Amino acid sequence: MKKIINSPQDVVPEMVDGLVRSYPEYLKQIPETEAVVRSDQASMKGKVGLVSGGGSGHEPTHAGFVGKGMLSAAVCGQVFTSPTPDQIYAAIKAVNQGKGVFLVIKNYSGDVMNFEMARDMAEMDGIAVKEIIVDDDIAVENSLYTQGKRGVAGTVLMHKLLGAAADQGASLDELETLAKKALPHISTIAVALSAATVPEVGKPGFELADDEIEYGVGIHSEPGYRREKIKPSKELVAELLSKIDEVQHLDATHQYALLINGMGATPLMEQYIFSHDVLNKLAEKNITPVFTKVGNYMTSIDMAGISLTIFELAEQKWLEYLNYPVATVAW
Amino acid sequence: MKKIINSPQDVVPEMVDGLVRSYPEYLKQIPETEAVVRSDQASMKGKVGLVSGGGSGHEPTHAGFVGKGMLSAAVCGQVFTSPTPDQIYAAIKAVNQGKGVFLVIKNYSGDVMNFEMARDMAEMDGIAVKEIIVDDDIAVENSLYTQGKRGVAGTVLMHKLLGAAADQGASLDELETLAKKALPHISTIAVALSAATVPEVGKPGFELADDEIEYGVGIHSEPGYRREKIKPSKELVAELLSKIDEVQHLDATHQYALLINGMGATPLMEQYIFSHDVLNKLAEKNITPVFTKVGNYMTSIDMAGISLTIFELAEQKWLEYLNYPVATVAW
Amino acid sequence: MLTVELTKKWMELFYAQIDQEKAYLSELDTPIGDGDHGNNMKRGVDGVKDSLAKLKDPTLKETLRTIAMALISKVGGASGPLYGTAFLEMAKKCDESQEPAILFAAALEGIKKRGGAKEGDKTMVDVWAPTVKALTDGSFGTEQIKQAVASTKEMIARKGRASYLGERSVGHLDPGAMSSGYLFETFIAAGGVK
Amino acid sequence: MLTVELTKKWMELFYAQIDQEKAYLSELDTPIGDGDHGNNMKRGVDGVKDSLAKLKDPTLKETLRTIAMALISKVGGASGPLYGTAFLEMAKKCDESQEPAILFAAALEGIKKRGGAKEGDKTMVDVWAPTVKALTDGSFGTEQIKQAVASTKEMIARKGRASYLGERSVGHLDPGAMSSGYLFETFIAAGGVK
Ligand SMILES: Nc1ncnc2c1ncn2[C@@H]1O[C@H](COP(=O)(O)OP(=O)(O)O)[C@@H](O)[C@H]1O
Ligand SMILES: Nc1ncnc2c1ncn2[C@@H]1O[C@H](COP(=O)(O)OP(=O)(O)O)[C@@H](O)[C@H]1O
Ligand SMILES: [Mg+2]
Ligand SMILES: [Mg+2]
Ligand SMILES: [Mg+2]
Ligand SMILES: [Mg+2]
């Protein structure tokens, strides 16, 4: 493991400190926590608070999306480990303006349990709390009898949507309705060229040969659904898009937003080529996305790979939310 | 070499196409070139045009900085290869509004020669052209008898400064004065953990052992000044900052901007930790930068490593330029 | 009977065991999880150690509650809320009874409620449930615990990160089952059951 | 005497040579440059081939100018403007004289002016300069060219990317010197000098 760090145990506190001190115009740290809130307190006045978070290692998610028009606070757990309820609770309290607090949780046992414990604590204090559990990763089959799907890059679009709505004065119930409506329209799937190395573990989560890729991996090196020899970008795109098509039934009469997400070690050069191939493949179906983002948004430390998110904009307002101006480090 | 591409020869055209089609709100491609101009033509009206470019492989530089308040156009050469004069000339013509065109060139033989040939062509057409040759990399000693220093991440700050001034109506001469004044105050130095792999070459520009780093490398895998065992982040910072201090004589009575730049494969996690250590080290000198950016701005394809840029803000106006709002893909 | 003395001794042994097996627990968490279970538990037992050291003449309830809060606020991930809830439920129950079988049964209920896992889902529940049963029917012991841990190997995971693997989770021990095994083994070693 | 016929033949051989040595040129460009010289030159000669094929009964001036424009608009990097300038200067001069010694001397002046390199700076100039001299004093030939190329090995680079290496550039042949060597060798092979 070759990394620019000091010691593996200090990764999260030093990273959060570095981020907040680099961007004091957007962020401040809640004392004695690794939770981060907007420094522009005025922008939160009279609005529902929007809190997200999870394990670290997905930078710029989540803290990079804290700021006017997007998240009110983000809680940074240990690397790939859900933050603890006391820290989440501290974030809820810090953003509560009497209008309630909405939580964006990725669908992992740990995140769900810790956030819900924090919600219990907040509700005991009389703070109204609602939540959405994001599960946009279609690589894993959904089932009532399991944990279900994972929450991955589509979470960032959820942040954007809810952040814009909250900034325009949406109530706690309205945010819940919006989140529940939008969620089934967001589908993500990834391909990995290499796995992430958690600093405290010191070696990659899995090994891929020099010419191998794996479809359907998660953002914590959770294994995917198939391993193969590396293929040209356009064939990777064909595979991933066909999986999304099975779920979304892509259709030129609908409007779509597109998020192409680098996993950490994959350069923009490759992401733009991948984007070229996605846009070509969609064009075969006469689809031109009305909104596109390409870059490192929901990373997996130093994993090489890419994820593709398609968001069907079933309501015109959702496009406005995506285009709504924000003041954050990373959107 | 494991990369998400189709074929090595198609990297640049496919990448430029992917970028432009992903962000039509900012960019459009000049037909039959790999040059990119603002789609917001109105924003250029009556202003001096600002054109930059160079070899590809530094994404989001240069095209990611095209947009209102920053570059008017960017020319994308082959990977690590200066673009040709005809393409640069096409960009100059596309942005000329009768007020002249200012070129931002990185100090490489190829870039300087190709841009100057384009300038000659434009001047023959009666277009007034001036230029700055950026050479912010202090790892290489300057000398009248050699090529001199290289242009690296500090170039992005130059784009920002000149873009803001141009947008506010600065004349061609004023831009030249500004560029010449600011340039000596911008110093950059890098450390590499691994070299970049040019797609057409297929293997890294140099090899570093699993526990080795190299100080002072360039953005095209040009070798640096010393190879060593990997050190904790704070010691890397101490080394790089001491080199900058030798040139800039950092001093608490001055104001500084800070740019921490990932080389492509180094995750934000590491960049924020590095930033934490830079801010601590500067704090020892009672310096708190008034402006900081951390992220992948001037990359070297998939190199792992980081560069540190310190920009002494000798004039208050420069800070305003850095904070001036822009509409680009990547700033 | 669970006493303050016994609980402290137990936690000391559990601390030592986790400290020693940290890398192994993370290793178990690698093929079917995210490789952090050892680190998570280590942060937890470090927190437990620190918090207990600060208590002056605590009651059993205070002791269990302190352990719970340390686990909840230090571990994170999936195992933090689960182990934390387990000790919280024991703290709630201990005024009524100090019988291990009754306390662990309350803890198990808490774990199930918090995480929604049933027996056979390849989680720590597959160690807790048979162990609680064994405490009642008298078969409790190191052998029984080891067997419960081992039983997770052939299961298909339905909860936690391992569940994303479906059938491919078969053939691997569940890391949380293993750390729960350590918890019960150290309980015996501390003299929890004669 | 440089003629259209000779120039075409020369370019064909140069094309074949670059095509064959592309990987080697990039390899030379790796330790002291950025590893692209072979690819750059290949794009250039491909362009030259295409452009020449489109010419109908061209004059020598048109031929040389076409080569120059193809190199300028296809190669990029440092070598593009330099080789392009060389042929542009030859095109300018060829009305006056078709003597290789005179044409190459004009090309060399163009290269020096464009790139600012002097002899001994470890660039293509270190092949062009002695070769132009050799053409005048009659020592021109394959052996002389190879020697000029080889002479760059022990030089310290002062221009181009290799100059960033300073003393560490010693011990490596200059890639642009090598491709210039090919240019002159194929000129001989095409019958450029008897
Ligand atoms: N819903 C659940 N119910 C019971 N136990 C669970 C559940 N989810 C996960 N676990 C247990 O937690 C263990 C993983 O813990 P840990 O690695 O610390 O957390 P994370 O999965 O968040 O990284 C699993 O091995 C399993 O025993
Ligand atoms: N200023 C210069 N004057 C003359 N020749 C130069 C100069 N700079 C570079 N060269 C030549 O160009 C060659 C490198 O060409 P190439 O690799 O194609 O371009 P780049 O250096 O831009 O990648 C060098 O080997 C050297 O011979
Ligand atoms: Mg975890
Ligand atoms: Mg080059
Ligand atoms: Mg885990
Ligand atoms: Mg080169």
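Remember, it's a predicted structure, so these values are computed and weren't measured experimentally. Naming convention: chains lettered A, B, ... in sequence-line order (proteins, then strands); numbering from 1 in each chain.
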* Structure fact -> Tightest non-hydrogen contact, residues D/S179 and D/H37, listed as OG-NE2, 2.8 Å
* Structure fact -> Answer key: most heavy-atom pairs under 4.5 Å with chain D among B/A139, B/S221, B/G77, B/S82 is B/S82
* Answer with side chain, backbone, both or neither: which region of B/Y108 has an atom nearer than 4.5 Å to a non-hydrogen atom of chain D? => both
* Which bit of B/N107 is near chain D, if near means a heavy-atom gap under 4.5 Å: side chain, backbone, both or neither? -> backbone
* Structure fact -> The interface call for D/S163 against chain B, heavy-atom contacts under 4.5 Å, is side chain
* Asked: Hey, what's the ring geometry for D/W128 with D/F184, parallel, tilted or perpendicular (30° and 60° as the breaks)?
  -> perpendicular
* Positive for side-chain contact (heavy atoms from CB on, under 4.5 Å) with D/L71, one of D/L82, D/N40, D/V48 -> D/V48
* To do: Classify the angle between the aromatic ring planes of B/H58 and B/H220 as parallel (below 30°), tilted (30 to 60°) or perpendicular (above 60°).
  => perpendicular
* Asked: Which answer fits D/I72, side chain, backbone, both or neither, if we ask what part of it has an atom under 4.5 Å from a heavy atom of chain B?
  -> both
* Asked: Any idea which of B/G224, B/G205, B/A196, B/G54 has the most non-hydrogen atom pairs under 4.5 angstrom with chain D?
  -> B/G224
* To do: Could you look at B/E222 and say if it's the side chain, the backbone, both or neither that has a heavy atom under 4.5 Å from chain D?
  => side chain
* Using a cut-off of under 4.5 Å for heavy-atom pairs, which of B/V112, B/V79, B/D86, B/N114 has the most such pairs with chain D? -> B/N114
